[in-house]
Amino acid sequence: MLIVTEPGIATEDFEALIAEIRRQGYTPHVSEGENRTLIGAIGRPPTPEIMDHFRALPGVEQVIRITQPFKLASWEVHPEPSVLTLPTGKSGGGHFMVAAGPCGVEDREQILTAARYVKQHGAQMLRGGAFKPRTSPYAFQGLGEEGLELLAEARAETGLPVVTEVTRPDLVELVAGYADVLQIGARNAQNFALLKAAGESGKPVLLKRGMSMTLDEFLMAAEYVLSEGNPNVVLVERGIRTFEKATRFTLDVSAVPVLKERTHLPVWIDPSHAAGKRSYVTPLALAGVAAGADGIIVETHPNPESAKSDAAQQLHEDEFAALMEAVRRLLPAVGKAAAVEA
Ligand code: PEP
Ligand code: MN
């Protein structure tokens, strides 16, 4: 349930209210509005009696049943858009962010070269997988901790925060020790133990949509991270399975307006994994921007033809530069105040 406090509630009443929420077996999630404080009391479905009980407490203005199955992700509990804030930029609430880099970290030269040019062309974050979830156990699995060290080196040189995938709960501590943002991939989007562990880490989480996930299931996956007390979740539409084989997955552009209507969380597009082919990446990225996405995550590699994973979809540097230029031109048309800098 959602408890709305009266404007200017006394501190002792607020503290007593929080204590009572806990005593009744709920977990309070406090969200400060302009005039009022909203407290999401998350737990078992509230009875009419328990709602009346809270209504009668001093400083309480309203008690509302949260109608959505996802609570903390809903606008009801959090009426302001969530904004991911990094030293290099923001995403959400009118701010747009680009994360870019290779699919996987392959060697020092490759990741440093990519980091330098993605920064030069205006990205706010560097991507690169060190632990790669591959369809085949014989395919390149990533450099592991060595890859994390190389990402940290690229960050030290360029100042770009890094996002990298974590594939198992027992790796969260290691990956969080290096990464600024944890990525949870499509294949792990309903790995609830991993979602909880990422939530506990306190690092922002970039959560990809599972390839067979409904949007409601996607929001419930985000809820696992949020319910661990971690408010920084970015939802990434990266293509879903359909009957169409012309693209690797089908980018569900409608996910952007639907999710934005249902949640305050930033919504991004990953055009690379949806496309599976370089020439489709820029049009899909621009479709995402036009639909209202708060950011994109794009794969680019200094020499894509030699890439150890996802070679066909990674952009060459000049293609990435052109994509950034097109995004910069489009952003003002969709009312994104903070366009990505050149
Ligand atoms: C990736 O970002 O390299 C990746 C594996 O993405 P996804 O989980 O969306 O397939
Ligand atoms: Mn990839």
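Here the structure is a predicted model, which means the values were calculated and not measured. When a ligand or atom number is given, it counts from 1 through the structure's own listing order. These values consider heavy atoms only, across backbone and side chains, with no hydrogens, waters or symmetry-generated copies. Throughout, numbering of the chain's residues begins at 1 and tracks the sequence.
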Open item on the list: So, of the N/O/S atoms that D310 has, which is the nearest one to the Mn ion (ligand 2)?
Closed with: OD2
Task: Derivation and outcome, side-chain contact (heavy atoms from CB on, under 4.5 Å), residues F140 and L143 - done: CA-CA 9 Å; F140 175 61; L143 297 181; 4.1 Å; yes
- [ ] With atom 6 (O) of ligand 1 as the reference point, say which of K208, M211, Q314, E165 has the nearest heavy atom.
- [x] K208
TODO: Could you tell me whether K308 and E106 make a salt bridge, using a distance below 4.0 angstrom between a side-chain N and a carboxylate O?
DONE: no
- [ ] Measure the shortest side-chain to side-chain distance between D170 and V172 over non-hydrogen atoms and say whether it is less than 4.5 angstrom.
- [x] no
Open item on the list: Checking a contact table here: which protein heavy atom is nearest atom 8 (O) of ligand 1, and how many Å away?
Closed with: A186 N, 2.7 Å
- [ ] Give the residue and atom name of whichever protein heavy atom lies nearest to atom 4 (C) of ligand 1, and the separation in Å to one decimal.
- [x] H273 NE2, 3.3 Å
- [ ] Calculate, to the nearest 0.5 Å, the distance between atoms OG1 and CZ belonging to T242 and F249 respectively.
- [x] 10.0 Å
Task: Within-4.5 Å side-chain heavy-atom neighbours: V236 and I269 - done: no
TODO: Consider only side-chain N and O atoms of E76 and T67, and report whether a donor and an acceptor are under 3.5 Å apart.
DONE: yes
Open item on the list: Please determine whether any non-hydrogen atom of G129 lies less than 4.0 Å from an atom of ligand 1.
Closed with: no
TODO: Provide the atom name of the closest N, O or S atom of E299 relative to the Mn ion (ligand 2).
DONE: OE2
- [ ] Measure the distances from the heavy atoms of K132 to every atom of ligand 1 and state whether one is below 4.0 angstrom.
- [x] yes
